[in-house]
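Here is the structure we will look at, set down as structure tokens.
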There are 2 protein chains.
Amino acid sequence: MVAQRGRRNGAAAKRTRTPAAPDADNAPTAEMPAVAEAAGADPEARAKSIPEAAVARLAVYLRVLSGMADQGSTTVSSEELSNAAGVNSAKLRKDLSYLGSYGTRGVGYDVAVLIGHIERTLGLTRQHKVAVVGIGNLGHALANYGGFPGRGFPVEALFDIDPDLIGVPVGGLPVSHIEDIPAVCTERQISIGVVATPPTAAQSVCDRLVAGGVQCILNFAPVVLQVPEHVEVRKVDLAVELQILSFHVARRADSEMNGSVTGNGVVVP
Amino acid sequence: MVAQRGRRNGAAAKRTRTPAAPDADNAPTAEMPAVAEAAGADPEARAKSIPEAAVARLAVYLRVLSGMADQGSTTVSSEELSNAAGVNSAKLRKDLSYLGSYGTRGVGYDVAVLIGHIERTLGLTRQHKVAVVGIGNLGHALANYGGFPGRGFPVEALFDIDPDLIGVPVGGLPVSHIEDIPAVCTERQISIGVVATPPTAAQSVCDRLVAGGVQCILNFAPVVLQVPEHVEVRKVDLAVELQILSFHVARRADSEMNGSVTGNGVVVP
DNA sequence: GCCACTTTGTGCCTGCGTTCACAAATGGCT
DNA sequence: AGCCATTTGTGAACGCAGGCACAAAGTGGC
């Protein structure tokens with residue numbers, strides 16, 4: 001969705017810093033014959049070759065599996081799981097095969113075991129401290145999310161530029177000034193920065209997060225952030241999402257010029 | 001990413017309703033030789049063949065272009081625009097070519113003209129009324145977004161299940177009860193529904209939106225929504241985004257087992 | 001009016017991701 | 001113990017999307 005791309009920088013460009021990319025474009029750019037390596041037994045090395053699209057789905061599988069575990073299921077077949085996750089069963093099996101063969105033929109997958117493997121692969125066994133920058137409507141919502149979606153992503157720092165907000169606790173955590181981002185992030189070992197500022201401030205905030213040693217950035221601001229190569233950026237852009245939907249509405253409306261009724265926004269002939 | 005897919009339903013499944021998919025999977029499934037058709041002059045027909053990935057980028061180009069227009073630029077080259085949007089210039093030209101040949105060789109693109117064409121293609125010339133369901137932290141933020149990101153997406157209905165919220169104005173609009181979704185959506189000609197409820201409520205809310213004639217759904221709840229075929233779903237999932245980032249952090253940490261310093265969360269040897 | 005330069009538009013090639021379909025493996029039943 | 005039903009894991013084919021590189025087209029200078 002949250003889809004994005006680009007690692008290798010294009011032709012000529014002054015800045016070498018690279019942008020964020022929507023969906024695919026996975027890691028195995030070079031450095032090793034992905035498949036051959038994946039055939040090895042080392043699960044760590046295997047991780048490198050997992051396509052990003054598959055990683056995104058693994059996260060979904062994980063959630064579905066957690067739900068199933070809560071309901072007492074102990075095993076699932078690829079068919080069940082794929083249905084619940086909304087994907088093709090073959091794709092699901094291939095995705096799972098990236099992390100090794102942890103299923104039992106004729107039976108299915110052990111829910112608990114699978115959860116464990118996915119969590120390990122996604123790096124969810126460690127905690128990833130999160131900082132939220134920009135305590136506006138969205139930032140507020142994020143800060144209050146509490147514990148943050150699921151497990152392992154504690155929000156441990158908040159920043160804003162508004163003097164009236166500095167020191168005010170939001171969701172139990174006091175807001176610090178944007179100036180202090182590098183220091184605070186370094187000190188608290190923040191690894192993920194969430195940018196929820198207005199577009200104009202985003203790049204400078206991003207630079208400070210990078211200076212603070214943050215490794216990944218989740219960007220809600222409608223700008224393409226420029227970051228050094230070792231920093232990963234994911235972008236969530238509401239406007240883009242809406243516009244994509246808009247496109248589909250328009251497309252549909254066009255092909256139904258005959259005034260047939262499929263929903264609101266009908267073409268009245 | 002943020003990605004979603006799936007139209008054609010898998011093998012055997014009780015419910016025929018299909019899920020949402022993360023990124024690609026574009027329209028030209030069959031029914032016509034895409035390229036040949038695109039060569040035609042009809043801009044409406046052309047729209048069908050635009051790959052979804054390109055649509056997402058068009059939205060980005062549009063924003064960049066708007067910024068340029070505000071700064072007084074009248075023309076841009078594909079090189080400039082692609083840099084600003086963080087993509088390859090060839091890709092940009094190809095994307096733009098989906099909407100026709102509106103550039104001038106040797107010069108570039110006329111900013112205003114291009115904006116116009118992209119807006120038309122994305123269906124931004126009509127207004128798309130939006131309803132937000134679930135006025136919690138996130139829903140609140142969305143409702144207050146005011147005018148909603150950019151142009152053309154007025155929020156015209158709010159829903160929640162909490163009796164204390166019903167009737168209370170949020171962002172200038174009173175909250176209605178979830179029960180009334182179908183009636184209100186039909187009446188106000190809502191075309192886009194935003195689901196910002198807890199996961200458990202999401203599917204039932206979704207069903208009501210569909211009953212209300214909503215054509216597209218933007219889903220923030222961590223569930224795979226089941227919808228009839230004519231409804232388009234896009235999913236924005238914070239947990240998934242974070243987990244993808246987590247994966248990258250972990251991957252990086254693994255490949256730097258030597259304790260080299262690239263950021264926080266360093267491996268202390 | 002011609003030439004050289006710039007920039008678009010696109011045909012072609014490459015590579016990744018998705019899907020199909022089947023062989024291998026396992027459990028249960030007789 | 002052997003057979004059948006079931007389900008995984010994956011080799012191979014397909015198709016879309018990305019990127020290169022060039023021909024076409026238009027501009028500005030001489």
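Chain letters run A, B, ... following the sequence lines, proteins first, then strands; residues in each count from 1.
For B/Asn219 (side chain) and B/Val223 (main-chain N/O), a donor-acceptor pair under 3.5 Å exists by modelled atom type.
With sequence neighbours left out, A/Ser246 forms a side-chain hydrogen bond (donor to acceptor under 3.5 Å, both in side chains) with B/His128. B/Ala69 is linked by a side-chain contact (heavy atoms from CB on, under 4.5 Å) to B/Val111, B/Ile115, counting only residues two or more places apart in sequence or in another chain. For A/His248, the side-chain hydrogen bond (donor to acceptor under 3.5 Å, both in side chains) partners two or more places apart in sequence, or in a different chain, are A/Arg251, B/Glu52.
Summarising the geometry, the separation between CG on A/Leu58 and P on C/dG17 is reported as 13 Å, rounded to the nearest angstrom. Between the CG atom of B/Asn88 and the P atom of C/dG9 there is a distance of 15 Å, given to the nearest Å. Protein atom CG of B/Asp95 is 13 Å distant from nucleotide atom C1' of C/dT10, rounded to whole Å. Rounded to an integer number of Å, the gap from CG of B/Leu99 to C1' of C/dT8 is 14 Å. We find that CG of B/Asp110 is positioned 16 Å from P of C/dT7, with the value rounded to whole Å. Atom CG in B/Leu92 sits about 14 Å away from atom P in D/dC20, given to the nearest Å. As a whole-Å value, the separation of B/Lys91 NZ from C/dC16 P is 14 Å. If you measure from atom CD of B/Glu80 to atom C1' of C/dT6, you get 13 Å, rounded to the nearest angstrom.
Residues A/Thr125 and A/Arg120 have side chains that never bring a donor and an acceptor to within less than 3.5 angstrom of each other.
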*Would you check, one step at a time, whether the test side-chain contact (heavy atoms from CB on, under 4.5 Å) holds for B/Val195 with B/Leu218?*
CA-CA 6 Å; B/Val195 177; B/Leu218 184 54; over 6 Å; no
*Take A/Leu96 and A/Leu58 through the test side-chain contact (heavy atoms from CB on, under 4.5 Å) and record every step on the way to the result.*
CA-CA 8 Å; A/Leu96 293 183; A/Leu58 282 176; 4.1 Å; yes
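Of all the heavy atoms in A/Leu99 and A/Ile118, the pair that sits closest is CD1-CG1, 4.3 Å.
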*asked:* Protein within reach of the bases, or only the backbone? For nucleotides 6-12 of chain D, mark each nucleotide 5' to 3' as B, S or -, using heavy atoms under 4.0 Å.
replied: BBBBBBB
Within the sub-3.5 Å range, which N or O atoms of nucleotides 1-3 of chain C have a protein N or O partner, and how far apart are they?
none

Residues 60-68 of chain B side chain polar contacts: donor-acceptor under 3.5 Å, at least two apart:
{"unit_1": "B/Tyr61", "atom_1": "OH", "unit_2": "B/Asp95", "atom_2": "OD2", "d": "2.7"}
{"unit_1": "B/Arg63", "atom_1": "NE", "unit_2": "A/Pro222", "atom_2": "O", "d": "3.0"}
{"unit_1": "B/Arg63", "atom_1": "NH1", "unit_2": "A/Asp237", "atom_2": "OD2", "d": "3.3"}
{"unit_1": "B/Arg63", "atom_1": "NH2", "unit_2": "A/Asp237", "atom_2": "OD2", "d": "2.4"}
{"unit_1": "B/Ser66", "atom_1": "OG", "unit_2": "B/Leu62", "atom_2": "O", "d": "2.9"}
{"unit_1": "B/Ser66", "atom_1": "OG", "unit_2": "B/Arg151", "atom_2": "NH2", "d": "2.8"}

